[in-house]
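Each remark here refers to the structure printed beneath this line.
Every chain is numbered from 1 and lettered A, B, ... according to where its sequence line falls, protein lines coming before strand lines. Keep in mind that the numbers below use all heavy atoms, side chains included, and drop hydrogens, waters and symmetry copies.
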Protein chains: 2
Amino acid sequence: MELESKLSQSEKSILTIQSEVQNTNRIALSVDCVIFGFDENKLKVLLIRSDLKKYKGKWSLLGDLIKPAEDLDKSAYRILQQRTGLDDIYLEQVHTFGEIKRHPAGRVITVAYYSLINIQHHKLKIYDNELHWHDVKNVTDLAFDHQEIFDTCYKRLQKRILEHPLGFNLLPKKFSLRELQNLYESILDTKMDRRNFRKKFFSMDLLTDLNEMEQDVPHRPGKLYQFNFKKYEKKKKTWIGIDF
Amino acid sequence: MELESKLSQSEKSILTIQSEVQNTNRIALSVDCVIFGFDENKLKVLLIRSDLKKYKGKWSLLGDLIKPAEDLDKSAYRILQQRTGLDDIYLEQVHTFGEIKRHPAGRVITVAYYSLINIQHHKLKIYDNELHWHDVKNVTDLAFDHQEIFDTCYKRLQKRILEHPLGFNLLPKKFSLRELQNLYESILDTKMDRRNFRKKFFSMDLLTDLNEMEQDVPHRPGKLYQFNFKKYEKKKKTWIGIDF
DNA sequence: AAATAATGTGTTAGATTTACACATTAAATT
DNA sequence: AATTTAATGTGTAAATCTAACACATTATTT
């Protein structure tokens, strides 16, 4: 009991799962979230230390069992809210992982999501030192099949950001084009030409020029921009058929 | 009992589901497959008549509950094999649908796949007249949330085929470029320029010229080609990072 | 034998992507 | 205060990819 109350991951309900799954024909279902953030010019992912002794010391994704009276998407949303305190979260379902022996406690099928959050807003809420923001470059050897889940979600993000301007979910409301480009370069792990990058983005016509400049930067300040959600929503409608 | 033995869909286990789901914390899980075929120059989808009285007369996707001792992908594969008798099936997981009230029998979350099969091979196996190949253009008002699932899977196929040469799974081993183009035009619901289409495909270097001609066509016969799976697998490796 | 309807190929214009160079500005240094 | 530095901000040319388009060829049909 005491043990269980301290656990707040997929692992939380292992004892429960083990007894229940084995005695019924139903299958236990969980959600696992790959939570991306962007800080210090690096793409980060929020991980939690696994409590399961088989995976002692390993890191794992944030997840939980789905409640029977809860929409699947709501379930993912709830996990994020509980963990980050944020409710303006970009969330995308990626894949469902269902190998028989993927979870040591028994049959658990998990639906993987990735989410993009503004790490500056969130930063203060990590009181729990079992939680940590990792550089995506250093993410290896996660618990369970979470490495595979992470890899899949990261690839999906890389692909998506080439098709949709998702990056704004990771940046503060006001940002410079350099910050935006740094974000793209971090996510895609490439270098891009500054001039072509600007040209491309301006041609998309999704940025509002705020007529403000960066403050407190150790070099010539750049202009600040804001993402124009209205225009994006309009444009998105004309993409239907190509999307998804 | 007699009723249940006649049902072979998701609906099959409604009675079972209803009693079990409500009495446990577990969630029932099913797989639904959008099975695409290509015949008479039209893209088709295999549907089954719903037996549920709420959806009497409506068509639905092929699906079944996932067995507790079965990998998720295997489960989808099994459903296809049982239905089509084929085992060289292209299968892709698309999305998991988990709204609380999506299924009238209780909480059932379903994992949607689409598959591509060679309808000529399969054609003979439809003894069951509850099964029918529908033109994708005429697919409306399916049972449950199957219309949404179908739409999602169809869009995914449309997108995928622009990135990967999946069409071969829908064609006989030997095919002409006109047949290939007809397939693309059916899937994407567009007309394409014949000359540009050929150029594009030849430049991909995935077709083996069989030095054979079409037989029994009411016009000048075209050359026959075969898809080169080896070359495709090689090329696919160089795409990693962009894929998924 | 002529007409038909398809296959098979090449060229040109347009759009998009990539490569690359120079002037400008504010901070940091001397 | 003047100079250096390191970033921002803009424009142009080459290369690649995509789209539009025309004519000769071949087997079938008339």
Gap between atoms NZ and P, on A:Lys191 and C:dA19 respectively (whole Å): 16 Å
Touch class at under 4.0 angstrom, heavy-atom based, for A:Arg194 against every strand present: base
Aromatic ring pairing A:Tyr225/A:Phe202, orientation class (parallel under 30°, perpendicular over 60°, tilted between): tilted
Closest to the B:Arg220 side chain, choosing from D:dA7, D:dA19, C:dG8: C:dG8
Nearest-angstrom distance from the residue atom CE of B:Met192 to P of D:dA20: 12 Å
Geometric class of the B:Phe201/B:Phe168 ring pair [parallel <30°, tilted 30-60°, perpendicular >60°]: perpendicular
Along DNA chain C (nearest heavy atom to each residue), the more 5'-positioned of B:Asn196 and A:Pro221: B:Asn196
Options D:dG9, C:dC20, D:dC21, nucleotide nearest the side-chain atoms of B:Asp193: D:dC21
A:Tyr113-A:Asp73 side chain donor-acceptor pair, cut-off 3.5 Å: yes
Euclidean distance, atom CD of residue A:Gln181 to atom C1' of D:dA7 [Å, nearest integer]: 13 Å
Whole angstrom value for the distance that separates C1' of D:dT28 from CD of B:Glu214: 13 Å
Aromatic plane relationship, B:Phe36 with B:Tyr154 - under 30° parallel, 30 to 60° tilted, over 60° perpendicular: tilted
Sole residue of B:Gln215, B:Glu214, B:Arg220 in side chain to side chain contact (heavy atoms under 4.5 Å, CB included) with B:Val217: B:Glu214
Parallel, tilted or perpendicular: ring planes of A:Tyr114 versus A:Tyr90, cut at 30 and 60 degrees: tilted
Check: C:dA21 base within 3.5 Å donor-acceptor of A:Arg195 side chain: yes
Whole-Å gap separating C1' (C:dA26) and CD (A:Gln215): 12 Å
Between D:dA7 (C1') and A:Glu179 (CD): distance, integer Å: 14 Å
Within residues 198-209 of chain A: residues closer than 4.0 Å to DNA chain D (heavy atoms): A:Arg198, A:Lys199
Atom pair distance, as rounded to whole Å: CZ in A:Arg178 and P in D:dA7: 8 Å
Mutual orientation of the aromatic rings belonging to B:His146 and B:Phe144 [parallel < 30°, tilted 30-60°, perpendicular > 60°]: tilted
Euclidean distance, atom CG of residue B:Asn182 to atom C1' of C:dT7 [Å, nearest integer]: 13 Å
